[in-house]
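Report on the structure given below.
Every chain is numbered from 1 and lettered A, B, ... according to where its sequence line falls, protein lines coming before strand lines.
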Protein chains: 2
Amino acid sequence: MNIHIRFVNTSLRDNYSYLFLKGIIPKGLSRFADGHLGFEKVEELFVSENRLETAKVEAASLKQLEISTLDLQWVQVLAEGWAYPLKGFMREDQFLQSLHFNTLSGENDASQGIRNHSLPVVLPVSTEDKTLLENCSAISLRYEGRPVAILRRPEFYVHRKEERVARTFGCIHRDHPYVKMIYESGDWLVGGELEVLGRITWDDGLDEYRLTPNELRAKFKEMGADAIFAFQLRNPIHNGHALLMQDTRRRLLEERGFRKPVLLLHPLGGWTKDDDVPLPVRIQQHLAVLQEGVLPEDSTLLAIFPSPMHYAGPTEVQWHAKARMNAGANFYIVGRDPAGLPHPDKSVGGDLYEPTHGARVLRMAPGLSHLEIVPFRVAAYDRTVKKMAFFEPSRAVDFDFISGTKMRGIV
Amino acid sequence: MNIHIRFVNTSLRDNYSYLFLKGIIPKGLSRFADGHLGFEKVEELFVSENRLETAKVEAASLKQLEISTLDLQWVQVLAEGWAYPLKGFMREDQFLQSLHFNTLSGENDASQGIRNHSLPVVLPVSTEDKTLLENCSAISLRYEGRPVAILRRPEFYVHRKEERVARTFGCIHRDHPYVKMIYESGDWLVGGELEVLGRITWDDGLDEYRLTPNELRAKFKEMGADAIFAFQLRNPIHNGHALLMQDTRRRLLEERGFRKPVLLLHPLGGWTKDDDVPLPVRIQQHLAVLQEGVLPEDSTLLAIFPSPMHYAGPTEVQWHAKARMNAGANFYIVGRDPAGLPHPDKSVGGDLYEPTHGARVLRMAPGLSHLEIVPFRVAAYDRTVKKMAFFEPSRAVDFDFISGTKMRGIV
């Protein structure tokens with residue numbers, strides 16, 4: 001009986017592979033043919049309910065490290081499984097892999113293969129804290145005096161800031177907002193596995209939108225989704241964005257044969273630079289767009305991605321995509337100049353990253369082959385139909401290229 | 001009959017895999033079980049003899065780009081197959097893969113898998129040259145007025161120097177000697193496939209040592225080698241180096257069961273910084289070491305690696321290893337702080353790279369799994385036996401840690 005079942009499964013998978021190779025099944029669907037991905041859960045780093053009291057007692061007995069709000073955002077990212085299979089703050093070997101190859105190798109199991117991981121997820125500590133903590137077998141991480149996690153088998157290593165920044169951002173200018181924070185942080189990094197003492201919340205009225213990857217996967221299943229396309233935002237939705245999301249849905253339905261593609265509308269909720277639009281305002285704007293019916297409410301899920309921004313262009317866009325893959329997405333809409341910003345050196349000017357590099361690097365990135373990249377298409381105001389439409393070079397004269405500000409004025 | 005032969009081959013390979021997995025066959029040997037590697041040839045970019053005249057006539061008819069000595073060294077590297085499967089100067093997609101992932105994906109054939117390639121191999125051109133050449137379908141590359149290669153389907157793209165330098169060197173200081181050359185080079189890069197019009201020689205009396213990867217492979221076969229261990233040098237051989245090479249040979253013979261391990265003694269012959277020891281002096285020193293019998297002449301092959309140095313530490317050591325893998329090496333001895341140098345910013349001081357990172361990054365690097373990394377071991381003067389020996393921490397008092405200068409004085 002077992003053998004029969006296995007045979008059937010194998011055939012099924014083979015048929016899927018065959019149909020996929022022939023282009024009969026869209027590439028995105030291959031995730032759902034693969035039991036390990038699809039609606040399977042990612043591993044979270046929360047202490048299980050029955051061990052929670054013991055863990056809290058242990059945490060109270062350990063030496064403490066007070067962490068920053070930024071650090072806590074990374075604890076949340078790790079705890080909820082966005083960075084799966086990472087089990088805690090990076091040890092030095094993981095840091096080096098991430099810096100040099102944008103990957104993590106499968107831990108203890110070569111069959112897991114290569115996982116994409118482009119941004120170092122690290123915990124900086126001061127020399128003073130390192131001296132106090134370096135001989136501990138475990139450390140209690142505290143935020144505003146409350147224990148939030150136990151970090152096991154801490155590994156302290158030098159925070160080589162210049163090298164980290166150069167390899168991550170392709171630029172070491174200290175006026176870059178995340179680079180500045182790195183230079184101001186501790187001179188050591190500490191890696192180690194995390195056991196997180198309960199859910200991390202921010203009590204800002206938006207916690208209901210902070211769904212974990214596993215909660216998102218459950219929602220998608222509930223909604224009957226057969227394809228998930230994710231859109232990363234750190235700005236209000238422009239009409240060009242809306243057009244792209246609408247068009248992606250149309251193509252998934254009409255051209256790719258999905259019956260229920262669901263949009264994960266996923267604004268970034270962690271740290272952003274001062275002049276970005278604050279999260280509560282963005283959420284209000286996204287809700288207004290949904291209420292206006294620009295995006296259908298029954299097949300759109302609005303949720304907050306708890307990660308901080310890095311503004312690291314082609315390096316960061318991989319993180320944005322990988323995290324959504326962990327939440328069950330199989331299509332990722334990549335923007336123009338993703339995670340980009342103006343060059344921090346005003347005398348250099350222009351964009352810090354070449355605007356097309358993000359999508360190109362993402363498409364070639366190792367460990368993301370299960371995620372299909374939906375390229376950005378340029379939208380402009382089409383005077384013939386008096387609305388935003390994808391730019392068609394063959395009738396360029398019909399289009400107005402207008403700034404976001406002017407576009408919002410017109411619409 | 002065909003089926004039978006294929007069955008036998010498959011079994012053989014399976015047995016090898018099995019024995020390899022069980023640790024019965026040393027990892028290095030797996031290369032020789034794999035027909036594609038081992039003594040197979042790499043693809044060179046030289047125009048075949050029968051097409052040479054036609055190609056020269058064509059080159060004479062094309063628009064010309066005068067290249068520098070450094071560029072010509074890279075043409076040689078490419079032509080001889082050190083950078084295989086790279087077929088010419090990098091196009092922008094290859095440049096991006098190399099910068100972000102230190103790899104090249106298998107071209108037109110996914111089964112080739114991922115190849116390691118950590119250093120951008122690129123050809124800078126000025127805006128003036130780009131304007132002259134950008135609509136050509138092929139360009140003639142000239143060195144000192146003589147045509148050396150045809151570059152096909154040129155792709156011009158912006159030479160993003162800061163980003164290239166930051167991601168390659170982990171540092172953008174303009175007093176770094178290779179970084180300085182990059183900043184002084186053209187503002188554009190041109191990629192494209194190369195057809196090289198004959199062997200590149202330097203007429204310095206050392207051309208006989210400049211063996212191509214395929215010539216090295218043929219030599220190894222002639223010598224009856226069953227293991228090749230490579231040692232990259234850009235300095236004179238110290239006694240610590242000699243001890244490491246001797247000990248590697250002993251272990252390959254005694255512990256790993258090889259019968260004829262051959263050392264590829266492989267000094268770098270391309271551009272080096274002004275205060276490095278010049279190539280002719282180094283070759284004389286290496287010859288003297290061989291004549292003194294420090295390294296057995298019948299199982300050592302002295303040859304020149306034509307690549308320029310980058311001084312890019314953990315990024316460059318992968319290039320040094322990959323190129324030797326292309327020449328048939330299956331063991332690579334990695335030094336302490338490979339391709340390192342002092343931080344170019346004197347006010348920072350210390351080494352630019354953490355000295356252990358090179359070996360660690362090399363061991364984790366994608367696309368080098370067929371190459372076994374032989375780690376550097378620290379040698380010191382052992383007073384109990386009055387000679388250089390590997391340092392043993394348990395009897396640290398017996399050892400003198402002495403500078404290279406003092407060491408040479410003693411020995």
Given a strict heavy-atom distance threshold of 4.5 Å, which part of [X] is in contact with chain A: side chain, backbone, both, or neither?
X: B:Phe169; value: backbone
X: B:Arg360; value: side chain
X: B:Ser118; value: neither

Open item on the list: Just checking B:Glu134: does its CD atom have more than 12 heavy atoms from other residues, nucleotides or ligands closer to it than 6.0 angstrom?
Closed with: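 More than 12 heavy atoms, drawn from other residues, nucleotides or ligands, come within 6.0 Å of this atom.
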
Open item on the list: Please check if the number of heavy atoms outside A:Lys180 that lie under 6.0 Å from its NZ is greater than 12.
Closed with: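 Result for NZ/A:Lys180: open.
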
Task: Residue, of B:Glu163, B:Arg160, B:Gln97, that accumulates the most heavy atom pairs under 4.5 Å with chain A - done: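 The residue among B:Glu163, B:Arg160, B:Gln97 with the greatest pair count is B:Arg160.
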
Open item on the list: If we define contacts as heavy-atom pairs under 4.5 Å, which of B:Leu352, B:Thr315, B:Val361 has the most with chain A?
Closed with: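 Top count of heavy-atom pairs under 4.5 Å with chain A: B:Val361.
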
If you take all heavy atoms of [X] and [Y], which pair is closest and at what distance?
X: A:Phe101; Y: B:Ala365; answer: CZ-CA, 3.4 Å
X: A:Leu96; Y: B:Met364; answer: CB-CE, 3.9 Å
X: A:Pro314; Y: B:Arg167; answer: CD-NH2, 4.5 Å
X: B:Ala166; Y: A:Cys171; answer: CB-N, 3.8 Å

TODO: Write out, in numerical order, the residues from residues 335-345 of chain A with a heavy atom short of 4.5 Å from a heavy atom in chain B.
DONE: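 Residues A:His343 are the ones that qualify, each having a heavy atom under 4.5 Å from chain B.
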
Open item on the list: As a quick check of understanding, evaluate side chain to side chain contact (heavy atoms under 4.5 Å, CB included) for A:Val158 and B:Glu354, giving each step before the final call.
Closed with: CA-CA 9 Å; A:Val158 178; B:Glu354 205 284 316; over 6 Å; no

Task: Verdict with supporting geometry, B:His357 and A:Glu92, side chain to side chain contact (heavy atoms under 4.5 Å, CB included) - done: CA-CA 10 Å; B:His357 281 186; A:Glu92 193 171 25; 2.6 Å; yes

Open item on the list: So which residue, A:Gln318, A:Arg363, A:Arg164, ends up with the most heavy-atom pairs under 4.5 Å with chain B?
Closed with: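 Among A:Gln318, A:Arg363, A:Arg164, the one with the most close pairs to chain B is A:Gln318.
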
